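Index from 1, following the sequence. These numbers come from a predicted model, not from an experiment.
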Amino acid sequence: MKTILHTATSRGHAYHGWLNTYHTFSFANYYNPERVHFGALRVLNDDTIAEGEGFDTHPHDNMEIVTIPLHGAVEHKDSMYNSEIIRSGEVQVMSAGTGIFHSEYSKDGFGDTSLLQIWVFPNKKNVTPRYDQISLADVAKKDELYQVLSPNPDDQGVWIHQNAWFHLGDLSEEWTGEYKLKNPGDGVYFFVIDGEAEVAGQKLNRRDGFGVWETETISIKANKQTQLLVMEVPMYF
């Protein structure tokens, strides 16, 4: 088993008044040659956006983009004529493919918005852009790691053009379990949204990240009430 620890305090940080953002991996003006990506996981940004503010229309291509609001709501518009509100308790996905333009704003009336924006390298280039979002209300299960993303359109959650699986866990204090990898050779990146956990014996606090690979199963223990994001991705692609 190999591991890598990224503590919350070691992340890149930028404050723009309307945006307070932390970067687990190199992004924008933050560059660390040892923290460019974890396998196919390219970006893990922890953003807080002031109410009514946001990102003006900008382009993306050949990237799978996942947004998980933690508080508040995001107003989304794009060049595919989607105009949607993504709230806490939902997950949004975009396949940028041949190219899209979109904007994201913290919706008025919902207060400041906090969200995770995650980019994953695709396994196919120049696909037709696509958009989807789902509510987690029907899939969330207390004290289980429930799937929110996969490579299969027929599976639970959203899907992307990559052999990746994301799970969320709302775990009680003293909960124990394990994560079994879907594919040998994959890696799993754990991100503690809230609480405190031990993963493969490593203590993790709020907003710590921890990558694990070259193993088949990974032990997990919640030391207190914990919200955990688990992302399995190819290490070589």
Side-chain angles (χ1 to χ4, degrees), residues 3-79 86 88 91-108 110-122 125 129 131 149 160-162 164 166 187 189-194 204-211 229 231 233-235 237:
T3 65
I4 188 165
L5 174 64
H6 298 140
T7 62
T9 56
S10 72
R11 297 179 295 173
H13 178 238
Y15 179 71
H16 302 288
W18 64 274
L19 172 67
N20 190 23
T21 179
Y22 291 86
H23 311 306
T24 294
F25 303 106
S26 296
F27 189 87
N29 293 328
Y30 168 64
Y31 178 71
N32 182 337
E34 297 181 354
R35 290 174 65 163
V36 176
H37 62 97
F38 176 81
L41 179 60
R42 172 61 188 88
V43 167
L44 174 53
N45 287 349
D46 181 2
D47 294 342
T48 300
I49 308 168
E51 182 177 0
E53 302 288 344
F55 301 94
D56 291 332
T57 301
H58 58 281
H60 293 285
D61 62 48
N62 288 315
M63 193 65 70
E64 303 295 298
I65 301 171
V66 182
T67 301
I68 304 176
L70 304 177
H71 176 78
V74 180
E75 187 171 11
H76 167 97
K77 294 182 179 180
D78 64 41
S79 53
I86 308 104
S88 174
V91 175
Q92 176 212 53
V93 65
M94 291 190 300
S95 296
T98 54
I100 59 170
F101 289 83
H102 78 131
S103 63
E104 293 174 307
Y105 280 83
S106 178
K107 176 70 173 171
D108 282 328
F110 287 81
D112 294 352
T113 295
S114 61
L115 60 85
L116 301 179
Q117 184 165 117
I118 302 161
W119 296 7
V120 179
F121 288 116
K125 286 196 171 184
Y131 175 95
L149 177 147
I160 62 172
H161 294 282
Q162 184 53 271
F166 288 12
Y189 198 86
F190 296 84
F191 186 75
V192 178
I193 297 172
D194 205 5
L204 303 175
N205 295 308
R206 184 177 185 272
R207 295 314 207 252
D208 286 349
F210 187 56
L229 174 61
M231 296 171 282
V233 295
M235 294 302 287
F237 54 97

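- Panel note: side chain Q117, backbone I65; no donor-acceptor pair is recorded below 3.5 Å.
- Rounding to the nearest 0.5 angstrom, the gap separating the NE2 atom in H6 from the CG atom in L44 is 10.5 Å.
- Applying the salt bridge (charged side-chain N to carboxylate O under 4.0 Å, His left out) test to pairs two or more places apart or on separate chains, those with a residue in residues 19-48 are R11-D46, D46-R207.
- Residues satisfying the side-chain hydrogen bond (donor to acceptor under 3.5 Å, both in side chains) test with E75, not counting sequence neighbours, are none.
- Atom OG of S95 sits about 10.0 Å away from atom CG of N62, to the nearest 0.5 Å.
- Heavy-atom minimum distance, A8 versus R206: CB-O, 3.5 Å.
- Remark: T24 pairs with no residue by the side-chain hydrogen bond (donor to acceptor under 3.5 Å, both in side chains) rule, at least two apart or across chains.
- Checked against the 6.0 Å centroid criterion, the rings of H76 and Y131 qualify as a close aromatic pair.
- Note that the NE2 atom of H102 and the CE atom of M94 stand 4.0 Å from one another [nearest 0.5 Å].
- The backbone N or O of N32 lies less than 3.5 Å from a partner atom in the side chain of S26, making a donor-acceptor pair.
- For F101, there are no ring pair (Phe, Tyr, Trp, His ring centres under 6.0 Å) partners two or more places apart in sequence or in a different chain.
- Taking D108 as the reference, E51 meet the side chain to side chain contact (heavy atoms under 4.5 Å, CB included) condition, with sequence neighbours excluded.
- Partners of H13 according to the side chain to side chain contact (heavy atoms under 4.5 Å, CB included) rule, which considers only residues two or more places apart in sequence or in another chain, are Y15, N20, Y22.
- Atom CG of D78 and atom NE2 of H58 lie 10.5 Å apart (nearest 0.5 Å).
- In this structure, V91 and L149 have side chains that are not in contact, with every pair of non-hydrogen atoms separated by 4.5 Å or more.
- Side-chain contact between S103 and D56 is absent, with no heavy atoms from C-beta onward closer than 4.5 Å.
- Nearest heavy atom pair, residue M63 against residue V120, reads SD-O, 3.3 Å.
- Of all heavy-atom pairs between L70 and S88, the closest is O-OG, 3.2 Å.
- For the atom pair D208 CG and F190 CZ, the distance stands at 13.5 Å (nearest 0.5 Å).
- A salt bridge (charged side-chain N to carboxylate O under 4.0 Å, His left out) check over residues 59-74, counting only residues at least two apart or in different chains, returns nothing.
- Remark: H23 pairs with F27 by the ring pair (Phe, Tyr, Trp, His ring centres under 6.0 Å) rule, at least two apart or across chains.
- Listed here is the closest heavy atom pair of S79 and I100: OG-CA, 3.6 Å.
- Taking the side-chain hydrogen bond (donor to acceptor under 3.5 Å, both in side chains) definition, one finds that Y30 meets it with nothing, sequence neighbours left out.
- Separating the CD atom in E53 from the OG atom in S106 is a distance of 8.5 Å, to the nearest 0.5 Å.
- Here F38 pairs with Y189, W213 under the ring pair (Phe, Tyr, Trp, His ring centres under 6.0 Å) rule; sequence neighbours left out.
- Applying the ring pair (Phe, Tyr, Trp, His ring centres under 6.0 Å) test to H16 and every residue at least two apart in sequence or in another chain returns nothing.
- Considering only heavy atoms from C-beta on, L19 comes within 4.5 Å of F55 through its side chain.
- Annotation: side chain of L204 is in contact with side chain of L5 (closest heavy-atom distance under 4.5 Å).
- Smallest separation of non-hydrogen atoms from F191 and L116: CE2-CD2, 3.9 Å.
- Residues S10 and T7 share a closest heavy-atom pair of OG-O, 2.8 Å.
- With sequence neighbours excluded, the residues that form a side-chain hydrogen bond (donor to acceptor under 3.5 Å, both in side chains) with T67 are Q92.
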